[in-house]
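Since the structure is predicted, the reported quantities are computational estimates derived from the model, not experimental observations.
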Amino acid sequence: MSVEENRKIAWDFHAALNSRDLEKALSLLADDASWIVMPGATIYTKQDIKKYFEKIMKTYPKFIVRDIHPPVVSGDMLTHEYIHEVRLQDGSEGQIPAVVVMELRNGKITQVRHYIDKLEAAKQMAKGAVTKRAVASIVKKVEAVINP
């Protein structure tokens with residue numbers, strides 16, 4: 001597939017998720033597709049991917065993928081940086097940064113490595129003084145490692 005065709009597959013996949021059209025999104029995955037959520041390396045098969053997104057759609061009344069940067073394609077590899085705009089059942093909202101690395105074959109997505117900033121998610125979703133202090137303490141320690 002061409003670079004533009006592979007880029008369109010990524011756009012179509014995210015557009016399907018944004019419109020909550022799970023069947024359309026799944027139709028863009030190869031039968032042997034895998035989805036790896038990082039960090040943590042949780043691996044899903046295609047049937048598990050469906051359950052994963054069904055749970056996301058149930059958990060988040062709002063779940064939007066908003067581009068930070070358009071997909072960058074090199075052959076059958078694609079990298080896409082975006083924000084998950086989410087709203088939980090309790091009404092709290094967050095904007096969680098993420099990057100996906102997709103592998104494509106014959107017009108289908110064969111693997112997604114989904115890198116989510118879980119620490120940023122924790123900062124945004126923390127409720128109550130104790131939880132906020134605990135998350136802030138962890139953030140401070142991580143930042144000290146990243147920015148010595």
How would you list, by chain and number, every residue that makes a side-chain contact (heavy atoms from CB on, under 4.5 Å) with A25, sequence neighbours excluded? F13, A16, L17
Looking at residues at least two apart in the chain, or sitting in another chain, which of them share a side-chain contact (heavy atoms from CB on, under 4.5 Å) with S92? L88, D90, M125, K127
Side-chain donor-acceptor contacts of residues 73-81 below 3.5 Å, not counting sequence neighbours, with atom names and distances?
{"from": "D76", "atom 1": "OD1", "to": "N6", "atom 2": "ND2", "distance (Å)": "3.2"}
{"from": "H80", "atom 1": "ND1", "to": "H14", "atom 2": "ND1", "distance (Å)": "3.1"}
{"from": "H80", "atom 1": "NE2", "to": "D67", "atom 2": "OD1", "distance (Å)": "2.4"}

Among all residues two or more places apart in sequence or in another chain, which pass the salt bridge (charged side-chain N to carboxylate O under 4.0 Å, His left out) test with K123? E120
Residues two or more places apart in sequence or in another chain: which of them pass salt bridge (charged side-chain N to carboxylate O under 4.0 Å, His left out) with K50? E23
Residue pairs involving residues 124-148 (criterion ring pair (Phe, Tyr, Trp, His ring centres under 6.0 Å); sequence neighbours excluded): none
G107 and I9: which non-hydrogen atoms are nearest, and at how many Å? O-CD1, 3.3 Å
Heavy atoms only: give me the nearest I96-A121 pair and the separation to one decimal. CD1-CA, 3.4 Å
Flag yes if more than 12 heavy atoms outside K8 fall under 6.0 Å of its NZ atom; otherwise flag no. no
For I109 versus M102, what's the shortest heavy-atom pair and its separation? CD1-SD, 3.9 Å
Residues that I83 engages under side-chain contact (heavy atoms from CB on, under 4.5 Å), provided they are two or more places apart: R66, I68, E85, Q95, P97
With R105 via salt bridge (charged side-chain N to carboxylate O under 4.0 Å, His left out) - residues at least two apart: D32
Quick one: does S137's side chain have a donor or acceptor within less than 3.5 Å of a partner on R133's backbone? no
With a 3.5 Å cut-off and sequence neighbours excluded, list the donor-acceptor pairs that the side chains of residues 54-64 form with protein atoms.
{"from": "T59", "atom 1": "OG1", "to": "K55", "atom 2": "O", "distance (Å)": "2.7"}

Among the clusters formed by ILVMFWY side chains lying less than 4.5 Å apart, do L28 and V3 turn up in the same one? yes
Sequence neighbours excluded - ring pair (Phe, Tyr, Trp, His ring centres under 6.0 Å) pairs with any residue from residues 121-148: none
Pairs involving residues 103-148, ordered by first then second residue, that meet ring pair (Phe, Tyr, Trp, His ring centres under 6.0 Å) (sequence neighbours left out): W35-H114, H84-H114
Members other than I138 in its cluster, when Ile, Leu, Val, Met, Phe, Trp, Tyr link by side-chain heavy atoms under 4.5 Å? L119, V135, V139, V142, I146
Which value, rounded to the nearest 0.5 Å, describes the distance between S27 atom OG and D21 atom CG? 8.0 Å
Approximate separation, where rounding is to 0.5 Å, of L26 CG and K46 NZ: 6.0 Å
